[in-house]
Amino acid sequence: MSGLDNADWPLFGWIDDIRRPLAEALADGQAAALATLFKVEGSAPRGPGAQMLFVAPKDGGDIRASGYFSGDCIEGDVASHAMLVLADGSPRRLHYGTGSPWIDIRLRCGGALHVLVERIAPDSAPAADLLRHGAARRTCRWHSDGTAQRVTTDDGPLLDLAEAPFAIARRYDPPRRLIVSGGDPGALAVAQLGTLSRFETILLRPDGPVEPPPFPVTRYMRGEPAEALAELGVDRWTAYLGATHEDHHDLGGCLTALRGGAGYVGMIGAKSRAEARLGALEAAGATAEELPRLNLSPGVAGLGKSPWEVATGIMAEIMQALNPARERA
């Protein structure tokens with residue numbers, strides 16, 4: 001038994017990006033088993049490209065898992081195979097559901113799932129490359145046939161599959177990042193939801209309290225948004241939300257985010273102020289191509305106006321904007 005079977009609280013499924021637990025395992029000198037869902041037939045909770053990572057604790061005990069495939073149908077069995085892969089180094093290709101050799105493992109969705117499980121050594125050069133490109137916010141691809149592994153910096157679909165000879169190429173984009181400027185209850189609710197949603201979350205509060213916020217964020221900064229964004233760098237996997245309600249703070253942040261090609265740029269405020277804000281940005285040099293990308297009434301209408309309701313709508317809008325190809329697994 002792996003300890004994952006019918007887990008009371010399967011919080012391991014909250015982790016979608018396996019790079020952080022992989023970095024922790026390699027830093028601790030431990031091998032890891034990487035499981036990739038490479039083919040789905042019929043209906044399934046996750047799509048091709050979904051991944052899990054398994055690490056065996058040094059002091060024994062149950063294997064540690066990150067990610068999920070099926071919502072408790074196969075995770076325990078995949079973990080059992082992962083322990084074998086960690087022990088002998090031989091990759092496994094697993095087939096669950098329709099046509100599977102394991103008739104005692106049933107998928108409630110009625111489809112079929114195909115999973116590759118491969119060992120990543122503690123000193124793996126390809127794994128080090130994968131983590132290095134992620135830290136530098138570069139797209140890369142993990143190529144593997146289960147034994148030979150390499151990383152390239154080209155783009156492509158989330159998952160490429162070759163059946164004969166068997167090989168996969170799994171794309172990794174830079175981690176999704178949310179930058180929120182502001183300190184009122186709404187801004188703080190967006191920042192906390194960002195952290196809970198596994199975004200790299202940076203909270204900016206110009207001249208804010210010296211003490212950090214009372215909930216986890218990736219980073220807390222007290223300078224001007226425009227300066228902070230210039231320091232952090234902006235890319236299409238970055239979302240920026242100006243929520244200080246002060247134009248002299250938020251407009252500079254929005255302009256920097258637009259010019260940097262941020263995947264989402266929003267600014268909270270009354271609709272009556274929209275025309276003046278657009279005029280101020282245009283006067284500051286925003287182009288006709290940049291201005292339409294600014295969301296001046298961010299969020300999903302109709303959810304309500306409490307901080308958590310507003311924040312939920314904004315996070316939903318951000319998730320859609322940072323998934324333009326609708327291919328997240």
Side-chain angles (χ1 to χ4, degrees), residues 2 4 12-39 46 48-59 62-69 75 78-94 114-162 165-177 198-200 218 235 237 327-329:
S2 66
L4 271 67
F12 55 82
W14 282 2
I15 299 173
D16 187 57
D17 188 338
I18 56 87
R19 285 174 291 189
R20 181 173 296 178
L22 175 62
E24 293 170 354
L26 299 190
D28 200 30
Q30 295 178 271
L34 174 63
T36 303
L37 181 60
F38 65 84
K39 186 164 69 172
R46 305 299 304 269
Q51 292 185 310
M52 295 187 70
L53 192 82
F54 300 91
V55 180
K58 287 182 175 180
D59 56 357
D62 292 332
I63 196 167
R64 296 200 311 268
S66 303
Y68 87 101
F69 292 141
E75 280 76 7
V78 175
S80 297
H81 287 281
M83 288 190 285
L84 297 175
V85 170
L86 287 171
D88 65 20
S90 299
R92 267 77 169 171
R93 276 192 270 168
L94 313 177
H114 300 259
V115 178
L116 168 68
V117 186
E118 58 186 309
R119 186 178 187 273
I120 300 180
D123 59 351
S124 165
D129 286 342
L130 178 68
L131 299 176
R132 179 169 53 84
H133 291 311
R137 301 191 65 79
R138 286 191 294 264
T139 293
C140 66
R141 293 207 293 169
W142 174 270
H143 302 261
S144 178
D145 61 5
T147 302
Q149 303 159 338
R150 62 188 178 93
V151 171
T152 62
T153 55
D154 53 324
D155 208 333
L158 180 63
L159 186 93
D160 267 330
L161 169 65
F166 175 84
I168 65 168
R170 205 281 192 183
R171 192 189 77 232
Y172 291 84
D173 293 325
R176 292 183 299 174
R177 183 171 58 180
R198 307 298 181 184
F199 279 63
E200 288 186 357
T218 306
D235 52 40
W237 301 277
E327 62 177 353
R328 287 183 62 80

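The figures that follow rest on heavy atoms only: side chains count, while hydrogens, waters and symmetry mates do not. Computed from a predicted model, the values in this text were never measured in an experiment.
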*Exercise: identify the closest heavy-atom pair between Ala121 and Leu26*: O-CD2, 3.6 Å

_Check this for me, if you would: do Arg137 and Glu200 make a salt bridge, where the nitrogen-to-carboxylate-oxygen distance has to be below 4.0 angstrom?_
yes

*Specify the closest pair of heavy atoms between Asp154 and Thr139, including all atoms of both residues, with the distance to one decimal.*
O-CG2, 4.1 Å

*State, to 0.1 Å, how close Pro175 and Gly134 come at their nearest heavy-atom pair, and which atoms those are.*
CD-O, 3.8 Å

*Between the side chains of His143 and Thr152, is a donor N or O closer than 3.5 angstrom to an acceptor N or O?*
yes

*Distance from Ser66 atom OG to Trp14 atom CH2, nearest 0.5 Å?*
13.5 Å

*Output every pair passing side chain to side chain donor-acceptor pair (under 3.5 Å) with a member in residues 114-124, not counting sequence neighbours, ordered by first then second residue.*
Glu41-His114, Glu118-Trp142, Glu118-Ser144, Glu118-Gln149

*Can you tell me if Asp88 uses its side chain to pair, donor with acceptor, with the backbone of Ser90 under 3.5 Å?*
yes

*Does Arg93 make a cation-pi contact with Phe166, if we ask for NZ or CZ under 6.0 Å from the ring centre and within 45° of the axis?*
yes

*Any side-chain heavy atom of Val55 within less than 4.5 Å of one from Asp28?*
no

_Spatial distance of atom CG (Asp62) from atom CE (Met83) [nearest 0.5 Å]_ = 8.0 Å

*Side chains of Glu75 and Phe69 in contact at under 4.5 Å (non-hydrogen atoms)*: yes

*Any side-chain heavy-atom pair from Pro48 and Leu158 closer than 4.5 angstrom?*
no

*Cation-pi check, Arg46 to Tyr68: give yes when NZ or CZ is under 6.0 Å from the six-membered ring centre and within 45° of the ring axis, no otherwise.*
yes

*Within a strict 4.5 Å, meaning less than it, do heavy atoms of the Glu327 and Arg171 side chains meet?*
yes

*Mark yes or no for whether Gln51, through its side chain, and Asp17, through its backbone, hold a donor-acceptor pair below 3.5 Å.*
no

*Measuring from Leu34:CG to Leu130:CG, what's the distance to the nearest 0.5 Å?*
9.0 Å

_Criterion side chain to side chain donor-acceptor pair (under 3.5 Å) against Arg141, the qualifying member of Thr153, Asp155, Asp160_ = Asp160

*Please report the C-alpha distance between Arg64 and Gln30 in whole Å, then the side-chain angles of each, then the deciding distance to 0.1 Å, and finally whether the side-chain contact (heavy atoms from CB on, under 4.5 Å) criterion is met.*
CA-CA 12 Å; Arg64 296 200 311 268; Gln30 295 178 271; 3.8 Å; yes

_Those residues that, when tested against Arg20, pass side-chain hydrogen bond (donor to acceptor under 3.5 Å, both in side chains) (two or more places apart)_ = none

*Can any side-chain N or O of Arg170 pair as donor or acceptor with the backbone N or O of Gly49 at less than 3.5 Å?*
yes

*Full working for side-chain contact (heavy atoms from CB on, under 4.5 Å) between Asp16 and Arg198*: CA-CA 8 Å; Asp16 187 57; Arg198 307 298 181 184; 5.8 Å; no

*Got a second to check how far Leu116's CG is from Leu161's CG, nearest 0.5 Å?*
10.0 Å

_Stepwise side-chain contact (heavy atoms from CB on, under 4.5 Å) test for Ile15 and Leu53_ = CA-CA 10 Å; Ile15 299 173; Leu53 192 82; over 6 Å; no

*Locate the shortest heavy-atom distance separating Val117 from Ala33; write the atom from each residue and the value.*
CG1-CB, 4.1 Å

*Could you tell me the separation between the CG atom of Leu159 and the CG atom of Leu37, rounded to the nearest 0.5 Å?*
8.5 Å

*Minimum heavy-atom separation for Ala50 to Ala329, with atom names?*
N-CB, 3.3 Å

*Side-chain contact, heavy-atom cut-off 4.5 Å: His133 with Tyr172?*
no

_Shortest non-hydrogen contact between Leu131 and Arg19, atoms and distance_ = CD2-O, 3.4 Å

